[in-house]
Amino acid sequence: MSPVSTKIFIAEDNPKDFEFLEGLLSEDGRSVEIVRAPNGREALELARGEASPLVISDIQMPEMNGIEFARSLWESSPEARIVFWSQYKDEMYVRSLAKIVPPETVYGYILKSNPRDKIASAIWTVLEDEQCWIDPEVRKVQGRARGSQTALSDIEYEALVDISLGLTDNLIAQRRYLSRRGVQSRLNSLYAKLGVDQEQFHSEKHGDALNLRNRAVAVALHRGLINAFELEHEEQDFQQWFDRYQNNQSNY
């Protein structure tokens, strides 16, 4: 009798990265059935047909990214085992992932920069041995994201997105249903979490005031709290809201 194949879904839009994984999974004489999806949406449709799907997923993909895909799949199949493999260890992804992993779910996170044997070991630890495997570099980011002194709350993250998109205090107030004082309170809390309020204090002592909005965005980019890829999605959401806002204003 031929050995039973292990079916593995690979959500990856880059053909070269898919070929790498395909070769990796077939090594050592393993019997595997590989199903590829070029984006998270197609991967979701395919994986939902399995009782306990085994998945390797990129994070940055068109149509539906890896975090959105995992959230949707785990809602219907919490026993699904997913290995996130990515070139990114951005805090925004680690933060989002922490919110969606179901209790006692086995998953992994491996960076693409790792050696071939380490990537293989991480994948099989999760998919075959049913144990979590988190890249050490990602663990460092997890620690920072959980730190009470530096971790952003949801409303602070909203404020960060708004200033990253260039919104004025008045527009933030309209979009988030806040008073101007409420906007300033959120921004001050954001500045404190990012440490730019202390930088402002030291700069003023020497006669040079920082632009806190610009400085906050720069620090957030460095920490990986925001990136250009995800801001594209945020820009689309904002434009939809802004169009409705302008229509409402013109009706008055």
Side-chain angles (χ1 to χ4, degrees), residues 59-62 65-68 86-100 111 113 137-250 252:
I59 287 184
Q60 284 196 3
M61 293 184 290
N65 69 29
I67 302 297
E68 294 167 341
S86 175
Q87 60 184 335
Y88 301 99
K89 55 181 178 181
D90 292 8
E91 191 172 329
M92 66 182 301
Y93 293 134
V94 172
R95 166 192 169 88
S96 297
L97 188 56
K99 295 179 179 180
I100 66 169
L111 295 177
S113 56
E137 290 300 313
V138 175
R139 286 191 182 278
K140 294 177 185 177
V141 179
Q142 284 179 330
R144 186 172 62 209
R146 292 170 183 159
S148 59
Q149 300 301 314
T150 59
L152 300 189
S153 67
D154 290 341
I155 61 174
E156 289 160 353
Y157 185 76
E158 275 187 358
L160 173 61
V161 168
D162 288 339
I163 64 173
S164 298
L165 294 175
L167 275 62
T168 62
D169 285 5
N170 182 57
L171 214 49
I172 295 174
Q174 294 293 331
R175 188 185 189 195
R176 305 300 183 185
Y177 303 100
L178 295 169
S179 65
R180 292 288 292 274
R181 180 174 294 182
V183 173
Q184 282 302 313
S185 176
R186 286 192 179 190
L187 290 177
N188 288 336
S189 181
L190 171 66
Y191 299 153
K193 286 287 183 68
L194 296 179
V196 298
D197 58 338
Q198 292 299 314
E199 292 182 0
Q200 173 77 355
F201 172 75
H202 291 301
S203 67
E204 287 180 343
K205 284 179 64 177
H206 294 90
D208 295 313
L210 291 170
N211 182 308
L212 288 179
R213 288 171 108 91
N214 292 350
R215 184 60 183 152
V217 172
V219 171
L221 284 168
H222 178 72
R223 269 182 58 173
L225 284 164
I226 52 175
N227 61 38
F229 183 83
E230 294 303 325
L231 280 178
E232 287 182 15
H233 296 284
E234 296 290 351
E235 176 68 25
Q236 292 172 6
D237 290 343
F238 166 69
Q239 286 298 335
Q240 291 175 1
W241 171 85
F242 192 57
D243 289 342
R244 293 194 302 270
Y245 170 73
Q246 288 184 311
N247 288 334
N248 291 337
Q249 292 296 104
S250 63
Y252 286 120

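Because only heavy atoms are used, hydrogens play no part in the values below, and waters and symmetry mates are left out as well, while side chains stay in.
In this structure, the separation between CD1 on I155 and CG on L160 is 13.0 Å, given to the nearest 0.5 Å. Between M61 atom CE and I59 atom CD1 the span is 9.0 Å, to the nearest 0.5 Å. Between the CG atom of L225 and the CG atom of L152 there is a distance of 5.0 Å, given to the nearest 0.5 Å. To the nearest 0.5 Å, the span separating CD on Q142 from CG on L97 amounts to 7.5 Å. Separation of atoms CG (L111) and NZ (K89) is listed at 7.0 Å; rounding is to 0.5 Å.
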When the side chains of residues 229-238 are checked against the rest of the protein, which donor-acceptor pairs come out under 3.5 Å, sequence neighbours left out?
from: E230; atom 1: OE2; to: N65; atom 2: ND2; distance (Å): 3.2
from: E230; atom 1: OE2; to: Y93; atom 2: OH; distance (Å): 3.1
from: E235; atom 1: OE2; to: Q239; atom 2: NE2; distance (Å): 2.8

Enumerate donor-acceptor pairs with a distance under 3.5 Å from any side-chain N or O in residues 184-191 to protein atoms, sequence neighbours excluded.
from: Q184; atom 1: NE2; to: D169; atom 2: OD2; distance (Å): 2.4
from: R186; atom 1: NH1; to: E158; atom 2: OE1; distance (Å): 3.0
from: N188; atom 1: ND2; to: Q184; atom 2: O; distance (Å): 3.2
from: S189; atom 1: OG; to: E156; atom 2: OE2; distance (Å): 2.3

Taking distance alone, no hydrogens or angles, what donor-acceptor pairs closer than 3.5 Å link side-chain atoms of residues 170-178 to residues at least two apart or in another chain?
from: R175; atom 1: NH1; to: D162; atom 2: OD1; distance (Å): 3.0
from: R176; atom 1: NE; to: D162; atom 2: OD2; distance (Å): 3.0
from: R176; atom 1: NH2; to: D162; atom 2: OD1; distance (Å): 3.0

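In this structure, the salt bridge (charged side-chain N to carboxylate O under 4.0 Å, His left out) partners of D154, at least two apart in sequence or on a different chain, are R95, K99. Qualifying side chain to side chain contact (heavy atoms under 4.5 Å, CB included) partners for R181, counting only residues two or more places apart in sequence or in other chains: S179.
Of all the heavy atoms in L221 and N227, the pair that sits closest is CD2-CA, 4.4 Å. Across D90 and G224, no two heavy atoms sit closer than the pair CB-O, 3.2 Å.
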